[in-house]
2 protein chains.
Amino acid sequence: MMQYLPSHGYEFTNCSSIIRNLVYDHGGGDLSANSEAKVAAEAEAKAAAACNRHSEAERRRRKRINGHLATLRGLLPNTVKADKASLLAEVVRRVTELKKVAAELESTGMDESEGYYMIPSENDELELTYVGEDSSTKKIMIKARICCEDRPELIVELTRALGSMHVKLVRTEIGTLGGRIKCVLWVQVSSVTKDQGLQELRRALKVVTDRASLMDLPRNKRPRGSDTCV
Amino acid sequence: MMQYLPSHGYEFTNCSSIIRNLVYDHGGGDLSANSEAKVAAEAEAKAAAACNRHSEAERRRRKRINGHLATLRGLLPNTVKADKASLLAEVVRRVTELKKVAAELESTGMDESEGYYMIPSENDELELTYVGEDSSTKKIMIKARICCEDRPELIVELTRALGSMHVKLVRTEIGTLGGRIKCVLWVQVSSVTKDQGLQELRRALKVVTDRASLMDLPRNKRPRGSDTCV
DNA sequence: AGAGACACGTGATTC
DNA sequence: TGAATCACGTGTCTC
């Protein structure tokens with residue numbers, strides 16, 4: 001650890017301009033009048049004061065900057081002993097990370113969860129959006145936005161439709177209002193191209209939104225509760 | 001804009017140690033032998049070289065630090081003209097923001113969406129967790145984790161149960177497997193205390209998980225599709 | 001002219 | 001010893 005206490009007593013007036021002034025005084029002081037010496041002394045004092053203000057301002061500025069750096073040290077883990085450059089490098093890394101995450105949220109529309117977007121509209125809707133490809137897993141992400149009349153079987157139908165594909169339901173958001181339902185699904189599709197994924201998913205979901213009956217299925221596979229009557 | 005080109009030619013050797021050496025040379029140089037002058041010259045040259053290395057290293061250090069600062073300027077919007085301190089203040093703000101968002105995701109368990117957590121278990125479950133209070137809106141966030149037998153009316157019942165309370169469904173995640181369903185709800189409750197919110201929500205959701213019949217409701221309020229037979 | 005911001009070289013300190 | 005880091009005061013430039 002370094003401390004850098006002000007061990008050398010630089011506290012006051014170490015300004016070279018003063019020294020310069022002193023030199024000038026020494027050179028021509030003997031011939032000058034008393035008033036001239038006074039003027040010189042005044043000038044010297046003034047310069048010294050200005051110099052002090054300057055160095056003090058610079059001290060304040062440094063303190064401000066280092067204060068922020070200290071704050072960042074406190075914010076980021078394992079940077080207590082890091083030097084300034086390394087600390088800033090780490091900060092750059094984190095901010096980059098933040099930007100990436102934020103951009104991802106933006107592009108997936110995952111920040112649309114509040115309010116407006118989740119309110120069902122009056123018109124039926126089946127909109128698929130290609131979100132992107134995960135660089136590491138090479139899997140395609142597709143966002144599906146569905147809006148239609150609400151009915152109890154809907155969720156089961158959706159689950160069933162997705163289950164028929166090689167997909168992973170990453171996230172679901174559902175909003176209902178006045179008997180209508182809005183459903184946004186984030187689906188991860190593997191091993192297919194973008195167009196294939198969009199096409200297959202659209203076909204699967206269209207079955208649901210078109211109110212396709214589940215009654216074609218064998219009885220023991222039908223969702224419980226939807227056919228308990230009879 | 002400031003440029004701070006190296007307008008004053010500080011490029012080489014402005015080390016006061018050299019000046020000091022020169023002063024000493026001037027003081028006792030006349031009486032010394034040639035070899036002594038050589039030694040002095042060597043020492044001077046050595047000191048000058050060391051001094052150069054020092055100032056160059058410092059220059060490199062500054063360059064590294066300022067390089068990171070420039071990177072941060074590029075990363076953050078509207079910081080092109082900001083001075084160092086303001087830039088760092090903005091960086092602190094952003095990193096704090098990042099930490100807050102990350103902590104929120106952590107505490108709400110919103111990062112549990114993948115894999116394990118959304119797989120329904122074999123046992124029924126109704127677990128409510130107090131997530132926290134939004135500092136700005138003063139609203140309570142509760143996470144409800146439900147696991148039970150799947151049935152088509154479930155979602156409608158849930159929606160209905162929540163609709164009977166003054167709550168806002170912020171986020172929903174649903175996972176189904178083998179006829180069972182796991183459902184995690186993030187619910188924002190307003191105008192009640194933590195305990196009130198937990199209690200009311202638990203009562204409302206228990207009705208659902210206990211398979212309470214909806215048939216007590218007036219016919220026109222029953223969810224469509226669940227009672228079309230008769 | 002006066003305050004603020006920056007780069008610079010330097011001495012002190014640590015490893 | 002030497003390399004690296006830091007705080008410091010200073011000169012210079014801008015507004």
Side-chain angles (χ1 to χ4, degrees), chain A residues 1-24 39 42-73 79-91, chain B residues 1-24 42-73 78-91:
Chain A
M1 273 297 283
M2 307 206 194
Q3 283 287 71
Y4 295 108
L5 294 167
S7 55
H8 48 6
Y10 267 149
E11 294 295 332
F12 309 121
T13 60
N14 191 21
C15 306
S16 62
S17 55
I18 299 175
I19 298 174
R20 230 178 283 138
N21 280 337
L22 288 170
V23 170
Y24 280 120
V39 170
E42 267 177 32
E44 181 193 325
K46 200 173 176 183
C51 195
N52 262 342
R53 277 199 308 274
H54 184 36
S55 67
E56 275 170 20
E58 181 63 15
R59 221 190 332 261
R60 280 194 299 272
R61 174 176 168 270
R62 271 197 301 267
K63 195 171 181 180
R64 233 175 21 237
I65 293 176
N66 288 334
H68 289 311
L69 290 176
T71 307
L72 287 171
R73 261 201 189 79
T79 50
V80 190
K81 311 186 85 177
D83 62 275
K84 281 187 186 178
S86 314
L87 169 65
L88 285 174
E90 178 64 14
V91 169
Chain B
M1 274 298 285
M2 308 205 194
Q3 282 289 71
Y4 294 107
L5 293 167
S7 55
H8 48 7
Y10 268 147
E11 293 294 333
F12 310 121
T13 62
N14 192 20
C15 306
S16 61
S17 56
I18 300 173
I19 298 173
R20 229 177 284 137
N21 280 336
L22 287 172
V23 170
Y24 280 122
E42 268 178 32
E44 181 193 325
K46 199 174 178 184
C51 194
N52 262 342
R53 278 200 307 274
H54 184 35
S55 66
E56 277 170 18
E58 181 65 13
R59 221 189 333 260
R60 280 195 299 274
R61 174 178 167 269
R62 271 196 301 267
K63 195 171 181 180
R64 216 166 347 133
I65 293 176
N66 288 335
H68 288 311
L69 290 176
T71 308
L72 287 170
R73 258 201 192 80
N78 294 79
T79 50
V80 189
K81 309 187 85 178
D83 61 273
K84 281 187 186 177
S86 314
L87 169 64
L88 285 174
E90 178 65 13
V91 169

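These numbers were taken from a predicted model, which means no experiment stands behind them. Below, chains carry the letters A, B, ... as their sequence lines are ordered, and counting in each starts from 1.
In terms of polar N and O atoms assigned as donor or acceptor, the side chain of His54(B) comes within less than 3.5 Å of the base of dG11(C) in a complementary pairing.
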Mind listing the side-chain donor-acceptor pairs of residues 64-73 of chain A below 3.5 Å, one per line with the distance, residues two or more places apart or on another chain?
{"unit_1": "Asn66(A)", "atom_1": "OD1", "unit_2": "Lys84(A)", "atom_2": "NZ", "d": "3.2"}
{"unit_1": "Asn66(A)", "atom_1": "ND2", "unit_2": "Arg62(A)", "atom_2": "O", "d": "3.4"}
{"unit_1": "Thr71(A)", "atom_1": "OG1", "unit_2": "Gly67(A)", "atom_2": "O", "d": "2.9"}
{"unit_1": "Arg73(A)", "atom_1": "NE", "unit_2": "Thr79(A)", "atom_2": "O", "d": "3.1"}
{"unit_1": "Arg73(A)", "atom_1": "NE", "unit_2": "Ala82(A)", "atom_2": "O", "d": "3.3"}
{"unit_1": "Arg73(A)", "atom_1": "NH2", "unit_2": "Ala82(A)", "atom_2": "O", "d": "2.6"}

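Both Arg53(A) and Arg62(A) lie near DNA chain C, and the one whose nearest nucleotide falls closer to the 5' end is Arg53(A).
Scored by the salt bridge (charged side-chain N to carboxylate O under 4.0 Å, His left out) test, Arg61(A) finds Glu58(A) as partners (sequence neighbours excluded).
The CD atom of Glu58(B) sits 15 Å away from the P atom of dA12(C) (whole-angstrom rounding). Between the CG atom of Asp83(B) and the P atom of dA5(C) there is a distance of 5 Å, given to the nearest Å. Between the CD atom of Glu56(A) and the P atom of dC8(D) there is a distance of 12 Å, rounded to whole Å. Rounded to whole angstrom, the span from the CZ atom of Arg60(A) across to the P atom of dC6(C) amounts to 15 Å. The distance from atom NE2 of His68(A) to atom P of dA5(C) is 11 Å, rounded to the nearest whole Å. Arg59(B) places its CZ atom 16 Å from the P atom of dT5(D), with the value rounded to the nearest Å. Taking atom CZ of Arg61(A) as the reference point, atom C1' of dG11(D) lies 14 Å away to the nearest angstrom. One interatomic measurement links the two molecules: CG of Asn66(A) to P of dC6(D), which rounds to 9 Å at whole-angstrom precision.
In this model, the phosphate group of dA7(D) is approached by a side-chain N or O of Lys84(A) to a distance below 4.0 Å at OP1 or OP2. For dT5(D), one of the phosphate oxygens OP1 or OP2 lies less than 4.0 angstrom from a side-chain nitrogen or oxygen of Arg64(B).
Here the straight-line distance linking atom CD of Glu56(B) with atom NZ of Lys63(B) works out to 11.5 Å at 0.5 Å rounding.
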